[in-house]
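Inspection log for the structure reproduced underneath, given as C-alpha cells.
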Amino acid sequence: MEKLFLRGSEALALGAIDAGLKFYAGYPITPQNDIPEFLSRELPKVGGKFIQAESEVASINMLLGASACGIRVMTSSSSPGISLMQEGISYLAGSELPAVIVNVTRWGPGLGGIGASQGDYYQATKGGGHGDYFTPVFSPFSVQEMYDLIIKAFDVADRYRTPVIFLSDVMVSLMKEPVERKFASGVNLPEKLWAFGEQKGEKQKIIKSLYLKGHDLEHHNWKLYKRFQEIKEKEILVDKYMCDDADTIIVAFGMVARIARTTVDIARESGIKLGLFRPVTLVPYPEDDLEKLAEKCNKYLVAEMNTGQMLYDVKRILGKSVNIGFYGKPSSYAPTPEELLNKVKELYL
Amino acid sequence: MEKLFLRGSEALALGAIDAGLKFYAGYPITPQNDIPEFLSRELPKVGGKFIQAESEVASINMLLGASACGIRVMTSSSSPGISLMQEGISYLAGSELPAVIVNVTRWGPGLGGIGASQGDYYQATKGGGHGDYFTPVFSPFSVQEMYDLIIKAFDVADRYRTPVIFLSDVMVSLMKEPVERKFASGVNLPEKLWAFGEQKGEKQKIIKSLYLKGHDLEHHNWKLYKRFQEIKEKEILVDKYMCDDADTIIVAFGMVARIARTTVDIARESGIKLGLFRPVTLVPYPEDDLEKLAEKCNKYLVAEMNTGQMLYDVKRILGKSVNIGFYGKPSSYAPTPEELLNKVKELYL
Amino acid sequence: MSFKNSHFYKDFVFAGFGGQGILISGTLLCYAALKEGKEVTFFPSYGVEMRGGAANCYVVISDKKIGSPIPSTPEYAIIMSSPALDRFQNVVKKGGVLFINDDIVQKEDVVRDDVNKLFISANKISNDVVGNDKLANMVILGYVAAMADVVQVQSLIASIKDVVSEKHKRFIPLNEKAIIAGAEHYNSSKGD
Amino acid sequence: MSFKNSHFYKDFVFAGFGGQGILISGTLLCYAALKEGKEVTFFPSYGVEMRGGAANCYVVISDKKIGSPIPSTPEYAIIMSSPALDRFQNVVKKGGVLFINDDIVQKEDVVRDDVNKLFISANKISNDVVGNDKLANMVILGYVAAMADVVQVQSLIASIKDVVSEKHKRFIPLNEKAIIAGAEHYNSSKGD
Amino acid sequence: MKMIYKKPDVLKDVAFHFCPGCNHGNAHKLVAETISELGIQDNCIAVIGVGCGVFLYDYIDVDSLEAPHGRGLAVATGVKRARPERIVFTYQGDGDLAAIGMAETVHAANRGENLTVIFINNTIYGMTGGQMAPTTLLGQIATTAPYGREFQRDGYPIRMAEMLATLEGVAYSTRVAFTTPKQIIDAKKAIKKAFEMQINNMGFSFVEVLSACPTNWNMQPLEALKRVAEEMIPFFPLGTFKERSISDVL
Amino acid sequence: MKMIYKKPDVLKDVAFHFCPGCNHGNAHKLVAETISELGIQDNCIAVIGVGCGVFLYDYIDVDSLEAPHGRGLAVATGVKRARPERIVFTYQGDGDLAAIGMAETVHAANRGENLTVIFINNTIYGMTGGQMAPTTLLGQIATTAPYGREFQRDGYPIRMAEMLATLEGVAYSTRVAFTTPKQIIDAKKAIKKAFEMQINNMGFSFVEVLSACPTNWNMQPLEALKRVAEEMIPFFPLGTFKERSISDVL
Amino acid sequence: MTKNKKLVINFNRCKGCQLCVSFCNKKALALGKKINKLGYRCIVLENEDACVSCGLCAEICPDAVIEVWRI
Amino acid sequence: MTKNKKLVINFNRCKGCQLCVSFCNKKALALGKKINKLGYRCIVLENEDACVSCGLCAEICPDAVIEVWRI
Ligand SMILES: Cc1ncc(C[n+]2csc(CCOP(=O)(O)OP(=O)(O)O)c2C)c(N)n1
Ligand SMILES: Cc1ncc(C[n+]2csc(CCOP(=O)(O)OP(=O)(O)O)c2C)c(N)n1
Ligand code: SF4
Ligand code: SF4
Ligand code: SF4
Ligand code: SF4
Ligand code: SF4
Ligand code: SF4
Ligand SMILES: [Mg+2]
Ligand SMILES: [Mg+2]
C-alpha cells in the first residue's frame with residue numbers, strides 16, 4: 001500500500017474518520033488547529049457533523065449530547081482547553097458515555113507557552129476531573145501511531161463506555177511522516193443498546209450520572225471501578241526497545257521516548273547496554289511489564305518534559321530496591337539524545 | 001476563652017475573616033452554600049467584598065483579578081464546580097497569585113451525589129489543571145481545624161504566592177462542634193510588592209503566565225518547582241495517634257481519619273496495638289514521617305472514601321517491603337469505626 | 001458503637017418534616033451536653049434531602065473525642081413523621097430506642113421488634129400544656145432526656161436561650177413548660 | 001547527532017519570511033528523500049511564531065528510524081531573512097553549513113566562524129532563470145541538494161508535483177528550472 | 001360522563017418531589033400534555049438541566065439526558081445534530097440557563113439550533129436553597145443577598161426572553177405564567193407552539209415560565225403565586241417577543 | 001514648528017508584533033493617546049485577553065494583567081472591586097469576548113461593572129490562524145468554515161454592541177472603525193468618552209472596534225481596510241447604541 | 001384515591017397548597033383533615049353540588065392531583 | 001530614523017502596509033526600496049512639497065511610524 005506523507009494531526013483526523021467519527025465539536029487553540037481545520041473540510045464529506053463550539057466547555061458538552069445518541073464523537077484541544085473540559089469529562093465518565101478527547105499539549109501553568117510539553121501527564125492520568133474515576137490514556141510517538149492509536153482509542157471508548165484521553169504533543173502533531181492507512185476499527189464491539197436511537201424504545205432511556213438513592217452511588221462507583229479493572233487486564237499497550245539484555249533502562253513516553261530511542265542507538269554503538277521502556281497506554285499503565293524488568297535490571301532513568309510526574313508512578317511500581325534517576329526538562333526544547341545519554345553516564349557509568 | 005458552637009463552614013468562614021479575607025467570589029453549590037451565605041452577611045461588615053459570580057469559571061477569574069491587587073481572596077465550591085476552576089487555578093499558579101480555594105467535596109464522576117466523599121484526592125493533589133505545578137492541599141478533620149487551617153492556608157498562599165486547595169467534606173463542613181477563636185495570621189509575611197497598589201509604581205507591573213521567549217518558560221517552571229521544594233521543607237503538617245508502639249497503622253485523611261481515631265480507641269481497649277497516621281497537608285505529603293514509621297511497623301491499612309487514591313501515594317512512599325491493605329468505600333455513607341476494625345482484623349489478626 | 005460501656009457515648013437521630021423544629025431540638029440537646037462538659041457533634045440533613053419537607057439531624061455526645069458525626073446505627077431515634085419512620089426505623093441499633101410521636105405516625109407502621117419502642121402523643125401533650133401542638137418537639141426532647149439519661153433536664157432548660165432567636169425570646173417559658181411536660185410524662189410512664 | 005557516520009543522517013532548518021516558500025522547499029526535500037527510500041521527518045513553525053511573518057521548518061533525513069524531528073543543532077541552515085539569521089545562526093552545529101540568501105541578508109551580519117558559510121544570490125538567479133525572484137527558495141534548494149549530497153536533484157524534480165497545488169501545476173517547469181539553476185550554481189562554484 | 005381534566009399518560013403515576021405550590025409541577029404537566037397531544041412521545045428527547053427540575057425523567061416518560069449545570073443547550077445541540085429527526089427540548093432553571101449557562105444559551109440561540117427550551121424563571125436558585133439568581137428582583141432577599149439585591153453590586157434582573165428575541169437565530173421567544181386560568185391556557189398554547197416550531201424546523205423556540213418558589217421565597221403557596229402576579233409580571237411582562245412565521249423560514 | 005502628530009509617551013518605543021495593516025495597532029495607539037491625554041497612566045490597569053492583543057503590556061506602559069482567554073471581564077471585575085480607585089479596562093478580541101467569554105461579558109455588563117472595554121472585532125480568530133468567530137460574516141471563509149459561514153450550521157454574526165446596549169447595566173455602547181479620517185477621529189472620541197464614563201463612575205462602557213486582519217482574510221492591507229468599509233460596516237453599523245448621561249446616574 | 005362523581009382526588013399526591021381552592025370560583029373545595037403519606041393534609045370536595053366541573057382546580061394543581069368529570 | 005522637515009519616519013517600524021499612502025490626499029508618500037530590519041520596505045516622503053502636514057498618514061498608520069510637523 002502506498003504510504004501517505006502526513007502531519008500527525010492529519011493522520012489523527014484521518015484515522016478518526018476511518019474509525020467512523022460522526023461528530024466533532026471543538027474550539028480553536030494552538031497548536032492543534034489543523035485537526036478541526038481538516039475535519040471541517042472532510043467530516044461533512046462522510047456524513048459527519050462538524051461544529052465549532054463557542055468554548056471548550058460547550059465542546060465537551062456537545063460531545064456528551066451526541067455520544068448519548070450512539071455515534072462516535074471526538075473533540076480536540078490543548079492544555080488550558082482540556083482543563084476547562086474537566087467537568088464534562090467527569091460527566092462523560094459518570095454517564096458512561098464513550099468519547100475521544102485529544103490533547104495536543106502545550107505548556108502551563110496558565111497560558112505558559114505553545115511548545116511541546118509533557119506537563120499534563122498528571123491531569124490526564126490521575127483524573128483532572130472530580131470524582132473517583134479513570135480514563136484510558138493513549139500516548140503516540142509517531143505519525144503512524146497518531147493514526148493507529150486514535151482508531152484504537154475509539155474502540156476502547158465504545159467497548160468500555162468511557163471517555164478516552166489521547167495525549168499527544170505538538171511535535172508528533174505537527175511533524176510529517178509517512179503513514180500507512182489501515183481502516184481497522186469496530187470489530188466485535190457490542191451494539192449500543194443504551195443509546196438514544198431513531199425512536200424511543202419500549203422502555204424510557206435515561207442517561208445520567210446523578211445517583212441519590214440509597215447505595216446506588218456506591219454501586220455505580222464500584223461498577224466503574226470493575227470496568228476499569230477489565231481495561232487494565234485487556235488494553236495495556238507497551239513498547240520495549242532493547243530491554244532484554246539492558247543493564248540500564250530509560251523510561252519515557254511520547255516524543256521523549258522517541259528521542260530516547262536514538263539515545264539507545266547511540267549508546268549501543270559504544271557498547272553501553274541501554275534499553276527503553278515506553279508505556280503506550282499511560283492509563284492503564286503497563287505496571288506488570290515494568291515490574292518484571294526489575295528482575296534483571298536495576299538502573300533506570302525516567303525522562304520527561306516536566307519536573308517529574310510519571311516518575312512517581314515508576315517509583316511506586318519499581319519500589320525502592322532499584323536505582324531510579326530522573327532527567328526533567330520543563331521546556332519547549334525537547335531533550336536531545338545526547339543530553340539523555342549524558343545523564344545516563346553521569347548517573348551510572 | 002469561651003468556645004463557640006459552630007458549623008464547620010461557619011468556622012471556616014469566620015477563620016477566613018479573622019485571617020483578613022477581603023474578597024470572596026463564588027457560585028452556589030450544595031453542600032457548601034452556607035459559606036457564601038455567611039460571607040455575604042459578614043464580609044461587608046469588615047470592609048470586604050462579596051460577589052456571587054455567574055459561574056465557577058467567573059469566580060476563579062474574579063479571584064485572579066482581586067489577588068493581583070494584593071488582597072486576600074477566597075472562593076468555595078464543591079467537586080463539579082472545582083473541576084470548572086481548573087484552568088483558573090492553573091493560571092493562578094502560573095501567575096504566582098495567592099488564593100484559597102475551598103472544596104467541600106461531593107461525589108462524582110459527573111453529578112454523582114451530594115454526600116461526603118473523598119473522590120477528589122487525585123484532583124486536589126496531582127493537579128487537576130494543565131501544566132507542571134502543585135498546589136498545597138489542607139485536609140481538616142474537625143470544626144476547630146476548619147478554623148485553624150484556613151488561617152494557615154492564607155498564610156501559605158501569601159508566603160509562596162500560590163493557590164492553595166482546602167479539601168474539606170460535607171461532614172466536617174456541616175457538623176457543629178465547639179471552636180476556639182484565635183486570630184493568629186499573617187505574621188512575618190513579605191510585603192506584596194508585586195501587586196497592583198493604589199497607584200502605578202515607578203516600573204510597570206505585569207502579572208502574567210505566558211512565557212514565550214527563549215528559555216523563559218523553563219526558568220519559570222523551575223522557579224515554581226523550587227518554591228514547591230521549599231514548601232515541602234517547611235509546611236508539612238501531620239497528625240500521628242498512638243503510632244509509637246503500634247504494630248498496625250491506619251493511614252487516612254480528613255473525616256475518615258477522624259472515624260479511624262475511634263477505631264484505634266476501640267482496638268486499644270481490646271489490646272490491639274493499632275495506630276493512626278493522618279496527613280494534614282496532603283500536599284506536601286508527610287512522606288518522611290510515613291517512611292520512618294516503616295522502620296518499626298510493617299502492617300498498614302489505607303482507608304478512603306473512594307476506590308483507592310491516596311493508596312498509591314502510600315504504596316510509593318512505603319515501598320514493597322511492608323504490607324499495605326486497603327479499605328475503600330466510594331459512598332456517601334462513611335465507614336464506621338467497626339468496619340475499619342474488622343478490616344484490620346481480617347487482614348492482620 | 002461498641003465501647004463496652006467503658007465510657008459515656010450516646011448517639012441520636014432526630015427526624016421529621018421541616019417546620020417541626022427537628023434541628024432546634026437536636027441543637028438544644030447539644031448545648032445542654034456542652035454545658036455538662038461533654039464532647040458534642042451535631043450533623044443536619046441538607047441539600048435535596050430537604051425538598052419535600054424532610055428534616056433530620058444526628059447528635060453524638062461523649063466524654064471522649066468523637067469520631068464520626070453520622071452514626072451508621074444510632075442508638076436513639078426520634079421519629080416525627082411517616083417518611084422519617086420509613087427511613088430510620090431500620091437503621092436504629094439493635095436494642096436501641098425508637099421515640100415515636102404517635103399523633104403523627106401510625107403505630108402499626110413500626111415493624112422493628114428488636115428495639116425499645118416508645119410512643120409519645122407529643123402533639124397532644126404540647127396542646128395540653130402550651131395551647132398548640134407547635135412544641136411537640138420539645139415535649140419529646142424532654143422525654144428523651146429523661147429516658148436516655150443523657151443530660152439533665154435543667155441543662156436543657158438553661159440552654160433554650162442559646163437556640164431561640166432574639167425575636168422568639170418570649171417563647172422561652174413555653175419551651176420550658178413543654179420540656180418539663182415531656183420529662184414528666186416519661187417519669188410517670190416509667191412505672192408501666 | 002553523533003552517529004559517528006555509521007549511517008546516513010542529515011538535519012536541516014529552513015528559515016525566512018512567510019511567502020518565501022520556506023515550508024514548500026522543506027516539504028519538497030522530504031518527498032525527494034522519501035522517493036529515495038529514506039526515513040523522513042518534517043516539522044514546521046506554528047502559532048504566534050508566524051506573526052510578523054516568520055516561517056521556518058526542520059527536516060531530518062536518515063536511513064534509520066528518526067528520533068527528534070526538531071534537531072537542537074541542525075547541521076544545515078537555509079537562511080532567507082535577517083530575523084532568520086538572528087535566530088538560527090547560533091544554533092547551527094559547529095562545522096555545519098549556513099546557506100545564506102545574500103540578496104536579502106547582509107553578509108556582515110553573519111558572525112559564526114566555526115561553520116561553513118555559503119552565500120547564494122538566490123533572488124538574482126531566480127530572476128535570471130524564471131524572470132522574477134519568487135523561486136529563490138527553489139534555487140537555494142537545488143544548491144543545497146547538490147552541496148549537502150542529500151538527495152538527487154532528479155528526485156527533487158520528480159517530487160515537485162507532490163507539493164504544488166492543482167492550480168499551480170503550470171509552474172512546475174519553472175520550479176524545475178530554478179532547482180537546476182541552483183544545483184548548477186553550486187557545481188560551478190565548487191571550484192572556488 | 002365527559003372527561004374535563006385528566007393527567008396525560010406521558011406523565012408517570014408518581015408524586016413530584018416539588019414543594020407544595022411549586023410551579024415546576026405546572027410546567028411538567030403542560031410539557032407532558034403537549035407531548036401527548038402532539039403524539040411525539042417516541043420522538044422526544046429531554047435534556048435536563050440541574051435544578052429542582054433535575055428529576056424530570058422520573059415524571060415524564062421520554063428518553064432523557066442529564067446535562068451538567070448550565071450546559072443544557074450545548075448538550076442539546078449535540079443531541080439534535082446527532083439525531084435531527086428527534087424532537088429535543090431542554091428544561092432549565094434561571095440559575096442554570098441564565099447564570100452559568102449564559103454563553104451556551106446565547107450561542108445556541110444565535111446558531112438557531114432547532115430546539116425547544118422550557119425556561120423556569122423563579123427569580124431564585126431553588127434546588128440549592130434560595131441564593132440570588134440573575135433574575136432575582138431588585139430588593140428581593142436571597143440567602144446570598146441577605147440585605148436584598150442591589151443594582152450596584154449585583155446587577156439588574158435579566159430579561160432573557162427579551163434579550164434572546166434580539167438574536168437572529170431565535171424563531172420564537174415568549175413569556176408565560178400560571179396566575180390566572182387564562183394565563184394557564186396561554187402557557188399551554190405557547191409550549192405547544194414552541195414544540196410545533198421545532199417540528200417544522202423553524203429554529204430556536206424559547207418559553208420563559210414565571211414560576212413560584214414558595215419555599216425559598218419564604219411564602220405560603222398562595223402568597224407566592226400572588227407575588228408572581230404582582231411583582232414578577234410587572235417586571236417580566238408576559239407576551240411574545242418574537243415569532244417567526246413559516247414563510248420567514250421558507 | 002508645530003507638532004501635528006507624535007506617538008504618545010505612554011506607547012513604548014518598540015515595534016508592534018502585528019502584521020502589516022493590522023488595526024490592532026490603531027486601537028493600541030488610540031488607547032495610549034487617551035491614557036496620555038486623560039493623565040491616567042498611573043491609575044490605569046489593563047486586563048488583557050488572549051488574542052493578537054495579548055502583548056499589549058509590551059507596548060502600553062501601564063500596570064497589566066493577563067486574563068485567561070475569554071475571562072477578561074471576570075478578571076477585571078475582581079480588579080475593579082479590589083481597587084475601585086483605579087481605572088480598569090479590558091482589551092479583548094471577538095473570539096475572546098463574544099465566543100468563550102460570552103457569559104462573563106454579558107454578566108459584567110449586566111452588573112454594570114464600572115469598567116471600560118475595548119473590543120476588537122475583526123470577524124476572525126487572528127492569533128490562532130483564521131478560524132471562524134461569532135462575528136464572522138455569512139459566507140466568509142475561515143479555516144474552520146472552509147466553505148464559508150452558513151447560518152444553519154454556524155449561526156448568525158453577533159452584533160455585540162447592540163446586544164449589550166439592551167442591558168440595564170451598560171452606560172455606553174458604541175461601534176467605531178478606521179476606514180476614513182473622520183472615523184478615526186470618532187473612534188478616538190469614543191474611546192476617550194468610554195474612559196471618562198468610568199472616571200465618572202457611570203458603569204460599563206463598551207467600544208467595539210471594527211478591525212482589519214489582512215493576514216487571516218488573505219488580503220493586502222488596503223484591500224482589507226476596504227473590506228471593513230464595504231462589508232463589515234454595512235452589517236455592523238457604526239454609531240452609539242446607548243449613552244447614559246450623568247444625570248441618569250445621579 | 002378519593003372518588004367522587006365530579007372530582008377524582010389522588011389523596012396521596014396532594015400537598016395541601018390550596019391553589020385549587022383559590023382557583024375554584026364556586027368555593028367547592030377545602031383543605032381536609034387527614035394527613036397523607038407525604039405528610040400533607042389533602043384537599044376535599046366539600047361542596048360537590050357547587051362544583052360545575054369547570055376544571056380550573058385541576059388546571060392549576062401543580063401536582064396533578066385532580067381529575068375532573070362532567071356528569 | 002529618516003528625518004524630513006515635515007515628516008519623521010521611523011524606518012525600522014514601518015511594515016509597508018501603505019495605508020498611509022492611500023490616506024494621503026496629496027499623494028506625497030510612496031513605498032521605498034530599502035528593506036528594514038523587520039523585512040519590509042519602508043515608506044518614503046516622495047514629494048515633500050506636496051505634503052501639507054495634515055497628519056492623516058500618521059493618524060492611520062497602525063504602527064506609529066510617522067511623526068508630522070507643520071513648518
Ligand atoms: C457546576 C455546578 N455548579 C453548581 C451546581 C449546583 N447547583 C445545582 S442546581 C443549581 C441552581 C438551581 O437554580 P435554578 O437553575 O434556578 O433551578 P431551580 O432549582 O430554581 O428550578 C445549582 C447552582 C452544580 N450542580 N454544578
Ligand atoms: C481556553 C483557551 N482556549 C483557546 C485558546 C486559544 N486562543 C488564543 S487566542 C484565541 C482567539 C483569538 O481570536 P480573537 O479573540 O478574536 O482575537 P484576535 O487575535 O482576532 O484579535 C484563541 C481561541 C486559549 N488560549 N485558551
Ligand atoms: S425549592 Fe422552590 S423551585 Fe424547588 S421544588 Fe421547592 S418550591 Fe419548587
Ligand atoms: S493575525 Fe490578524 S489580528 Fe493578528 S496581528 Fe495579524 S492581522 Fe492583526
Ligand atoms: S371543577 Fe371547577 S367548580 Fe369544581 S371544584 Fe374544580 S374549580 Fe371548583
Ligand atoms: S392544588 Fe393540588 S396539591 Fe394543591 S391543594 Fe389542590 S389538589 Fe392539593
Ligand atoms: S501629512 Fe498629510 S499631506 Fe503630508 S504625507 Fe501625511 S497625509 Fe500626506
Ligand atoms: S501606514 Fe505606517 S506602517 Fe504602513 S506603510 Fe505607512 S508608515 Fe509604514
Ligand atoms: Mg430558579
Ligand atoms: Mg478576532
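By convention in this document, chain letters (A, B, ...) are assigned in the order of the sequence lines, proteins followed by strands, and residues within each chain are numbered from 1.
- The cationic group of E:Arg159 lies under 6.0 Å from the six-membered ring centre of E:Phe235 and within 45° of the ring axis, placing it in a cation-pi geometry.
- Contact of B:Leu39 with chain E is not made at all, since no heavy-atom distance falls under 4.5 Å.
- Atoms NZ and OG1, on E:Lys80 and E:Thr90 in that order, are 12.5 Å from each other to the nearest 0.5 Å.
- With values rounded to the nearest 0.5 angstrom, B:Leu14 atom CG is found 7.0 Å from B:Leu4 atom CG.
- Partner E:Phe206 forms a ring pair (Phe, Tyr, Trp, His ring centres under 6.0 Å) with one of E:Phe89, E:Phe241, E:Tyr172, E:Phe119 and no other, that one being E:Phe119.
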Candidate polar pairs, chain E side and chain B side, donor-acceptor under 3.5 Å:
from, atom 1, to, atom 2, distance (Å)
E:His69, NE2, B:Tyr27, OH, 2.8
E:Gly95, O, B:Tyr27, OH, 3.4
E:Ile100, N, B:Glu54, O, 2.9
E:Tyr125, OH, B:Tyr27, OH, 3.2
E:Thr128, O, B:Asn33, ND2, 3.0
E:Gln131, NE2, B:Glu37, OE2, 2.8
E:Met132, O, B:Gln52, NE2, 2.5
E:Thr143, O, B:Ser40, OG, 3.4
E:Thr143, OG1, B:Glu37, OE2, 3.0
E:Thr144, OG1, B:Gln52, OE1, 2.4
E:Tyr147, OH, B:Arg41, O, 2.8

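- In this structure, E:Ile120 and E:Leu97 have side chains that are not in contact, with every pair of non-hydrogen atoms separated by 4.5 Å or more.
- Neither the backbone nor the side chain of B:Phe38 comes within less than 4.5 Å of any heavy atom in chain E.
- Annotation: side chain of E:Val176 is not in contact with side chain of E:Leu210 (no heavy-atom distance under 4.5 Å).
- Ring to ring, E:His24 and E:Tyr91 are close: their centroids are under 6.0 angstrom apart.
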